[in-house]
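First the structure, in the form of structure tokens, and then the observations on it.
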Amino acid sequence: MTLARLVTRNTWRNKRRSVLTVLSLGFSFLLLTVMMTIWRSFYIDPWSMVSALHIVCRHRVSLAVPLPTYYREKIRSIPGVADVIPLNLFDGDYKGATEDDFSKVGTDPNEFLNAYPEYQIAPEQVQAWQKDATGAIAGSELAQKHGWKLGDRLTIEGGQLPVNLELTLRGTFKSPFPVRGIYFNWAYVQKAARYDKDQLYLIQADSPQNVGRISGAVDSMFHNSPEPTRTEAEKAFFIGMIAMYGNVKVFILSISLAVLFATLLVSSNTVAMSIRERTREVAMMRSLGFQPRLILALFVGETVTLTLCGWLFGTLTAYGMTYAMVHGRAGGPFAVLLKIPPSTLAVSLPVAGLVGVLSAAIPSYRISRINIVQGLRHIG
């Protein structure tokens with residue numbers, strides 16, 4: 001019998017304990033993988049090449065305070081600005097729906113798609129949207145869920161603004177991630193409600209090198225105006241939104257450390273019980289000529305095998321959970337940024353192996369050097 005086969009047989013000799021240990025370790029590695037994914041997706045990885053060109057301009061006081069519409073043309077005059085796109089979240093309810101699960105965003109049909117080239121939509125549908133003042137486009141998944149067809153009328157009952165929108169669906173688009181929203185011509189609302197405000201502007205620079213300069217130029221332009229602005233890169237804007245939930249970095253770090261500590265405890269407890277039950281077996285192996293280092297390697301190998309099985313289970317579950325968060329409603333608005341790159345696995349896999357080695361090192365070392373006579377007399 002080879003050493004590897006012996007390790008495998010001993011790992012699963014107590015199937016109930018081994019399965020429960022793998023499930024416990026799997027849950028711990030699931031949390032660790034998700035925490036690492038959130039950290040990397042939000043704070044390390046670039047979101048996209050197009051996102052590097054995006055700048056968000058809003059009121060300095062609060063996102064709830066709108067900006068005058070004439071700011072748009074002033075911002076457009078700054079060198080390096082390619083597009084200035086108004087984005088306005090319309091406070092309204094979709095009439096006739098049992099579940100209103102999507103956002104309604106007013107924008108400029110002539111420039112909006114310039115900022116999102118990843119949205120795949122037929123050119124004739126884009127033209128139809130741009131020509132129709134009451135036209136709208138929607139994500140293909142959202143349209144399929146509600147059974148919308150091109151030409152359907154969508155009635156949105158106004159909330160804060162006393163305007164009921166009678167929109168016509170002119171197009172559907174596909175995106176790398178699901179978009180739960182419809183986009184319509186904001187000029188429709190401005191004309192109907194005589195409202196000359198915009199919630200924020202998405203500025204598209206002609207080069208990533210100009211993002212910082214444009215941000216400073218916009219804020220300087222409106223520094224002494226009654227409605228000063230706060231302009232920053234899109235990623236910085238979203239990270240600021242995330243920070244509204246609290247110190248997310250400290251929270252993630254605390255959870256990760258707690259998970260590692262719990263994983264080490266679970267693995268150490270399993271090893272300690274297994275070794276205590278096999279004291280006489282180890283003494284018998286010593287009497288047959290097994291060297292202490294070989295016995296040490298056997299126990300460490302068993303523990304590492306269990307932790308790697310738990311890591312595999314937790315990682316697969318994390319992939320499934322991340323997919324569900326990105327493509328479902330439970331993940332929230334920032335879930336679309338989540339992805340598990342190979343680099344995350346390259347970190348979590350050695351961590352799993354290290355946990356197995358550390359949890360087995362001390363008890364395995366002690367049992368491998370037990371006195372043979374005392375070991376044979378052991379009862380327990």
Side-chain angles (χ1 to χ4, degrees), residues 1-36 256-320 342-380:
M1 179 179 292
T2 62
L3 180 62
R5 187 176 179 185
L6 183 60
V7 168
T8 304
R9 289 191 59 181
N10 286 332
T11 300
W12 303 101
R13 63 190 299 169
N14 190 327
K15 293 183 174 57
R16 179 186 300 177
R17 179 192 298 163
S18 298
V19 170
L20 291 177
T21 302
V22 168
L23 291 178
S24 300
L25 293 173
F27 181 73
S28 299
F29 285 116
L30 164 65
L31 288 178
L32 182 62
T33 303
V34 171
M35 292 297 103
M36 291 174 60
S256 299
L257 292 177
V259 166
L260 286 176
F261 182 69
T263 304
L264 193 59
L265 287 181
V266 170
S267 182
S268 299
N269 183 62
T270 301
V271 174
M273 288 190 296
S274 177
I275 289 177
R276 185 171 60 250
E277 295 173 355
R278 295 161 61 185
T279 301
R280 298 184 66 184
E281 176 186 332
V282 172
M284 183 64 70
M285 294 173 65
R286 288 288 309 278
S287 68
L288 294 176
F290 281 78
Q291 296 296 319
R293 60 185 179 184
L294 180 57
I295 297 175
L296 175 64
L298 287 174
F299 280 109
V300 172
E302 293 174 21
T303 310
V304 171
T305 300
L306 281 178
T307 56
L308 292 182
C309 289
W311 171 84
L312 181 61
F313 173 74
T315 301
L316 293 177
T317 307
Y319 268 106
S343 57
T344 299
L345 306 183
V347 174
S348 61
L349 179 57
V351 169
L354 183 61
V355 167
V357 172
L358 292 179
S359 58
I362 296 178
S364 299
Y365 178 82
R366 293 180 60 183
I367 196 65
S368 66
R369 281 160 173 74
I370 190 173
N371 183 274
I372 296 177
V373 176
Q374 291 180 352
L376 292 174
R377 290 177 178 176
H378 178 79
I379 300 175

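Not measured: the values here are computed from a predicted model. Sequential numbering from 1 along the given sequence is applied to the chain's residues.
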Side-chain atoms of residues 344-359: list all donor-acceptor pairs with protein atoms under 3.5 Å, sequence neighbours left out, distances to 0.1 Å.
residue, atom, partner, partner atom, Å
S348, OG, W311, NE1, 2.9
S348, OG, T344, O, 3.2
S348, OG, L345, O, 3.4
S359, OG, S267, OG, 2.6
S359, OG, V355, O, 2.8
S359, OG, G356, O, 3.1

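The structure places OG1 of T279 at 13.0 Å from CE of M284, a figure rounded to the nearest 0.5 Å. Within the model, atoms CZ of R369 and CD1 of I295 stand 9.5 Å from one another, a figure rounded to the nearest 0.5 Å. If you take CH2 on W12 and CG on L306, they are separated by 6.0 Å, rounding to the nearest 0.5 Å.
Closest approach of A318 to T33, counting heavy atoms only: CB-CG2, 3.8 Å. Between S364 and A360, the shortest heavy-atom distance links the atoms OG-O, 2.6 Å. Closest approach of T263 and S28 over heavy atoms only: OG1-CB, 2.9 Å. Residue T317 comes nearest to F313 through the heavy atom pair OG1-O, 2.8 Å, listed as atom of the first residue, atom of the second, then distance.
Open room surrounds OH on Y365; 12 or fewer heavy atoms of other groups in view lie less than 6.0 Å from it. Taking a 6.0 Å sphere around CE of M273, one finds it holds more than 12 heavy atoms contributed by other residues, nucleotides or ligands. More than 12 heavy atoms of other shown residues, nucleotides or ligands fall within 6.0 angstrom of atom CZ in R13.
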Task: side-chain contact (heavy atoms from CB on, under 4.5 Å) between L30 and F27, worked out - done: CA-CA 5 Å; L30 164 65; F27 181 73; 4.3 Å; yes
Task: Stepwise side-chain contact (heavy atoms from CB on, under 4.5 Å) check, T303 with T270 - done: CA-CA 8 Å; T303 310; T270 301; over 6 Å; no
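Contact of the L32 side chain with the F29 side chain is registered, since non-hydrogen atoms from C-beta on lie closer than 4.5 Å. L265 has its side chain out of reach of N269: every pair of non-hydrogen atoms, C-beta onward, lies at least 4.5 Å apart. Taking 4.5 Å as the limit, every side-chain heavy atom of F299 sits out of range of all side-chain heavy atoms of V271. Contact of the L298 side chain with the M285 side chain is registered, since non-hydrogen atoms from C-beta on lie closer than 4.5 Å.
Checking side-chain atoms of T307 against main-chain N and O of V304 turns up a donor-acceptor pair under 3.5 Å.
Residues in residues 14-32 take part in these salt bridge (Lys or Arg N to Asp or Glu O under 4.0 Å) pairs, two or more places apart or across chains: R17-E277. For residues 282-300, no pair satisfies side-chain hydrogen bond (donor to acceptor under 3.5 Å, both in side chains), with sequence neighbours left out.
Ion pairing between a basic and an acidic side chain is recognised when a charged N comes within 4.0 Å of a carboxylate O; E302 and R278 show such pairing.
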